[in-house]
Every structure is written in structure tokens, then in C-alpha cells.
Amino acid sequence: MTAALPSPPMSSPMTAPRHLLRQCLAGLLLGAATPVALAAAPSCPSSDLSTFVQAFASSPELQQAFSESPLIEQRPALDDQGRAVTTRHKLTGDTRSLLALLDPRAQAEAGLQTFWEGNTLVVHQPLGEVIQAFVFEQGACWQLVRVDQWSMDGLLKQNPPAGETALERQMRKADLLLGYGSREQYPLTAYFFEVGQRILLDAARHGSAKAAVQAVSLGYSGMAPQLQPGEPEQLLLPYAQTDAEAALMLAMYYCDPLGDDSITQCQHPRQSEDLIKRTARELDSGTAYYYLGSGYADGQWGVTDLPRALACHQQAIQRGDLHSLGALTWWTQKGQMPASGAQCLEDSPPTPGGA
């Protein structure tokens, strides 16, 4: 005989409703998940970074999809000893406001400019009031990984000198940016020197002799852009009557307009020598006497005059110039002693503090 197949168990009155309830709940859950599954993540706008950023800049959806989480923000700060450093912070939550300056319309309204430094887009104001750098890395698509805030406003507000003027504040800002540049450890190193020089040039045109000297010196250093022909003289000449450093920098310019040591003979020896002599005489500058001593010893202005050079170094030492102390010691070791009656200037000035 063929065995009869067992019949399925009969559902109890309590089992059937539970079974139906599970099916209903499963249906509701699947129904709720369907819209999420259908909302696909945005696709990568482009493998070209500049094209990617054009789309990314004004799209909240792309910004959310292609920003690192958490996003890193780097800021300038002061450490416990008051030294300028940088700190990094992990940002959580909505970071869209931090990305506002990516939008070209926002940049235009604020008068900002942009440039690329590798994979970093820098949005800035020419005198450094705003400096914001957006750092991207490439994987399957481009990803915003860090935002660097380089405005110095926060540091400038910490313990400002009493009675600081707007011009003095600008000078402090230039010093801070140049300080970050001098470390040569940041991707924007070259930019820090460039914007620092721009701030100094602006300060020089608004009355700062120190800024004029620093701006010209930076142009000579090769760390910042070289100034235009004749620009050093335009910057320094207004201060040369009253500021020894400006006068001496101008005298150096008269000898070597390019400042790159490519010129072996002073181009305008009389202008250079006369300016240093006037600075020594009228401003009683020890540094000017040192420059005269070095110039006469080296024949910088066409004639070598060692007795006069040593007399100039003596005058410089009497005014506290230590460079001349080293120079005079060197000459003494060579058997060259200051000659009795030798004069640095035609009409030797009195020794400071003397009769």
C-alpha cells in the first residue's frame, strides 16, 4: 500500500494573524526602503579637477557626496610661548557654510581672486584679508579633504600693542605671513612671500620706511617677485633723508640695481658714495660708517683707500657697530693699523658724547 502523504498542519486561530502581521510588516519595511534604494548617489562630475570644482562649487548634493567626513580645517594659532603655529580640527555636522567661497558668484561679490597650487584651490584677497585654501585628493573621484584658513585676523586680535595704528597692524600681518613662509613647510610658501611683499609695498606707499626697506630686500632675495625697474628708488627715496636703513638700501641699489650679484662694478658710484657719506654725517649712523669702511677697503667706488677705510670702521665702532669691530680686528691681524690723522669724512664729526 502506498503511504498517504501527511497533511499540512492546520493553523491555529492565533497563528494565522501573526503570520499575516509579519507579512504586512515586511511589506511596509520594503516599501519604506524602496525610495532610498532608488535615490542613487551622485556620479562623479569629472576626472578633471577644475571641471569637477565648477560643478562641486554650487551643488550641496555634490559637496555632501564628495567631501571627506569628518572634514579637516587647518587654522593659524599661537602656542603657549606665543609662537605662530597651525592647528587642525575635525568638523562634524553641516559644513556647507565653510564652502561658500567656492562659488564664483560669492567670490565676485567679495572682490576675491583664485589660483591653483597643485590640487589646492586658493581663494584670496590681494592684501591677505581673506585666504582660504581648499585641498582636494583624487581617488575613484575627487574628494575635498581639508580647508585651510590662512587669514591672520585671529592672530592679530590677540594681545595687539597698545595704540597700534592700522599701518602698524598691516606690518604685523606681513611679518606673520612671511614667518609662515620662512618655514618652507606649507604648500603656499611662495604665496606667503608674495602676499607679504604686497602688504609691505602698500605700507611703504602709506608712510612706512621699514616696509619700503623690507619690500626691496624681499625683491632682491629671490623669495618674492622682483620689483619693476626703478621701483626700489621710488619706494626708498622719500625716506632716504630721515631713515638710515632706507638710505643705505638706496645706495646699494645705485651700485647694483638688479641686486643679484651679476654686476661686478658699481653702476653709479658717485650717487652711492655720496648718499652713504651724507647718511653717516647727517644721521650719525654707525652702519653707514661701516659701509663706508667696507667700500673704501674694497674699492667699491673706484678707488681703494685702506687708511680711510680703517678710520671709517673706527667711527662705526664708536657708534656701536659690531660689524666694524670684526672688520678692524681682521685688518689688525693682517698687520694693518689705523693711521694717525686719517679721516673717514673730509670733516670728521665729533665722537658721540664727546666735546
Let me confirm one number: the CG-CZ distance from Leu345 to Arg308, rounded to the nearest 0.5 Å.
7.0 Å
For the pair [X] (side chain) and [Y] (backbone), establish whether a donor and an acceptor sit closer than 3.5 Å, ignoring hydrogens and angles.
X	Y	value
Gln63	Ala57	yes
Trp142	Val53	no
Gln107	Leu101	yes
Ser272	Pro269	no
Ser208	Ala204	no
Ser285	Ala288	yes
Arg172	Leu156	yes
Ser59	Ala55	no
Asp79	Gln81	yes
Ser221	Leu218	yes

Where do Glu231 and Arg205 land on the salt bridge (charged side-chain N to carboxylate O under 4.0 Å, His left out) test, with the steps shown first?
CA-CA 12 Å; Glu231 192 174 7; Arg205 295 174 183 127; 2.9 Å; yes
Hey, mind stepping through Ser50 and Asp48 against side chain to side chain donor-acceptor pair (under 3.5 Å) and telling me if it holds?
CA-CA 6 Å; Ser50 61; Asp48 174 72; 2.8 Å; yes
Report the C-alpha distance between Asp202 and His206 in whole Å, list the side-chain angles of each, state the deciding distance to 0.1 Å, and finish with yes or no for side chain to side chain contact (heavy atoms under 4.5 Å, CB included).
CA-CA 6 Å; Asp202 183 70; His206 286 85; 3.4 Å; yes
Kindly determine whether Gln138 and Gln143 satisfy side chain to side chain donor-acceptor pair (under 3.5 Å), including the steps that lead there.
CA-CA 6 Å; Gln138 190 173 29; Gln143 192 90 351; over 6 Å; no
More than 12 heavy atoms of other residues, nucleotides or ligands under 6.0 Å from [atom1] of [X]: is that the case?
X	atom1	result
Arg183	CZ	yes
Glu137	CD	no
Gln228	CD	no
Tyr291	OH	no
His89	NE2	yes
Gln265	CD	no

Determine whether Ser58 and Arg105 satisfy the following criterion, side chain to side chain contact (heavy atoms under 4.5 Å, CB included), listing intermediate values before the conclusion.
CA-CA 9 Å; Ser58 56; Arg105 292 170 297 183; 4.2 Å; yes
Ring centres under 6.0 angstrom apart ([X], [Y]):
X	Y	answer
Tyr253	His268	no
Tyr290	His313	yes
Trp150	Tyr191	no

Check step by step if side chain to side chain donor-acceptor pair (under 3.5 Å) holds for Gln74 and Arg88.
CA-CA 4 Å; Gln74 179 173 269; Arg88 290 190 175 186; 2.9 Å; yes
For the pair [X] and [Y], find out whether any cationic side-chain nitrogen is under 4.0 Å from an anionic carboxylate oxygen.
X	Y	value
Arg319	Asp321	no
Glu168	Lys210	no
Lys90	Glu73	no
Arg169	Asp153	yes
Lys173	Asp175	no
Glu346	Lys277	yes

Can a donor-acceptor pair be found between the side chains of Glu117 and Tyr186 at a distance below 3.5 Å?
no
Is any side-chain heavy atom of Leu71 less than 4.5 Å from a side-chain heavy atom of Val145?
no
